[in-house]
Protein chains: 2
Amino acid sequence: MEVRLRDREATRERLLAAARALFAEHGYERVTVRMIAAAAEANIALVGRYFGSKAGLFGEVLAGEPTVRQVLEGDLEGLARRLGEYTAQRMRAEPDSPILRTLERSAGDPEIQALLSERLRTAVVNPLAARLEGDDAMARARMATAVFLGVGSVRRLLGPSDPTPEDVDRLTGLFEACLRGRE
Amino acid sequence: MEVRLRDREATRERLLAAARALFAEHGYERVTVRMIAAAAEANIALVGRYFGSKAGLFGEVLAGEPTVRQVLEGDLEGLARRLGEYTAQRMRAEPDSPILRTLERSAGDPEIQALLSERLRTAVVNPLAARLEGDDAMARARMATAVFLGVGSVRRLLGPSDPTPEDVDRLTGLFEACLRGRE
DNA sequence: GCGGCTAGTAAACGCACGTATACTTCACGG
DNA sequence: CCGTGAAGTATACGTGCGTTTACTAGCCGC
């Protein structure tokens, strides 16, 4: 593989990677383009050149994230428990996903909020609703998402707490109640 | 009652009221001291003079909010349903409480986050935990709080939705699952 | 080998913020 | 009626931000 010092694509990728890590670490507003450029060992002006703006770079970071969460795959019966276990981890530590981490540090800028909203919809809520049956599948998917996001909020605001087996059971029960259709 | 144009206490109160409304409307970061001063028809410098700083003013706004939520009062059996109904309202519209509105617009500044955290603890989580029994009362109160906050997050991010009677039932079920102790 | 496109750079622009300072104006007690 | 102290004002300070501009330097085809 050729090594080029002046490589537009490689520099662009470095900026993207640095932005991905920093946004996940601190959220949108508390990351400056100077921080990103420094982390990528690139010049500040290149952010504007390659991504148009800070918001454009953020949008590309979001777009680069994988859409389907592995939690949603697998059998439908175990879905509530997988969600319960996955969410229980959120009580202790930050999510791996940059989207979710950024979401938790939630941005006030309406443009950024719209980007996050669109992404949450296509990456979490819609895939989840697609796995459910009934005409209120979307409402139930939203409520399950609420539980999921809420646990993150509580950890962020009140501090982490190690989930007990009872917590996992309780969360699983919550998701079962959310996902269960009318019988 | 005497009418005084130069009334320190009245001006202070106007600033406080303006700040309360604006913080609830836009969150901490997106409100400037200039906005507050303009809304209160007071001079910018008075914010610093009377409250020390913007953060000091915010702290006083938080401190002025009522501590105990009426939802928590009343019989324990109906608590889950009252929480369910109260939370269902959050699917449609913003909370009345400035604390909760500010919480939803969540501030990144660590100092402000600490203020919000302390307030959420003393105004919501602790009173709720106090009403529960069992050694994991706090864990269950935190989970109920997570559901409550999560519904707000989802409304803010994905847009409001009118709660159906089924939503109320489902939320009530969620809170029952959270609040129920070991049997 | 050299000119021209282009990646990369340095520096500054313009703005908005929270805060601080020096000044002005008014109410009120003597 | 006047001086004094507090209430209120105008303005500027310093900082940090996202963005832009004018420039430099390197790669590549000819």
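Per chain, numbering begins at 1; letters A, B, ... match sequence-line order.
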For Thr11(A) and dA7(C), is the shortest distance between a side-chain N/O and OP1 or OP2 below 4.0 Å? no
Below the 4.0 Å mark, does dA7(C) have OP1 or OP2 next to a side-chain nitrogen or oxygen of Arg8(A)? yes
Charged N to carboxylate O below 4.0 Å: is that the case for [X] and [Y]?
| X | Y | value |
| --- | --- | --- |
| Arg156(B) | Glu94(B) | no |
| Arg81(B) | Asp75(B) | no |
| Arg92(B) | Asp167(B) | no |

Rounded to the nearest Å, what distance is computed from the [atom1] atom of residue [X] to the [atom2] atom of nucleotide [N]?
| X | N | atom1 | atom2 | value |
| --- | --- | --- | --- | --- |
| Glu41(A) | dA7(C) | CD | C1' | 16 Å |
| Asn43(B) | dA20(C) | CG | C1' | 12 Å |
| His26(B) | dC17(C) | NE2 | P | 12 Å |
| Asp7(A) | dC27(D) | CG | C1' | 12 Å |
| Phe58(A) | dC17(D) | CZ | C1' | 18 Å |
| Ile44(B) | dG18(C) | CD1 | P | 10 Å |
| Glu9(A) | dA7(C) | CD | P | 10 Å |
| Glu29(B) | dG16(D) | CD | C1' | 15 Å |

Does one side chain, of Asp169(B) or Thr172(B), offer a donor that lies under 3.5 Å from an acceptor on the other? no
Is there a side-chain contact between Lys54(B) and Leu57(B) (heavy atoms, below 4.5 Å)? no
Relative to the ring of Phe23(B), is the ring of Phe58(B) parallel (under 30°), tilted (30 to 60°) or perpendicular (over 60°)? perpendicular
Step by step, work out the side chain to side chain contact (heavy atoms under 4.5 Å, CB included) result for Phe175(B) and Val147(B). CA-CA 8 Å; Phe175(B) 285 115; Val147(B) 173; 3.9 Å; yes
Going by heavy atoms closer than 4.0 Å, what residues in residues 32-39 of chain B are next to DNA chain C? Thr32(B), Val33(B), Arg34(B)
Let's see if you get this right: which residues in residues 46-56 of chain B place a heavy atom under 4.0 Å from DNA chain D? Leu46(B), Arg49(B), Tyr50(B)
Write down the atom of Ala40(B), the atom of Arg14(B), and the distance for their closest heavy-atom approach. O-NE, 2.7 Å
List the steps and the verdict of side chain to side chain contact (heavy atoms under 4.5 Å, CB included) for Leu171(A) and Val151(A). CA-CA 10 Å; Leu171(A) 281 169; Val151(A) 168; 4.1 Å; yes
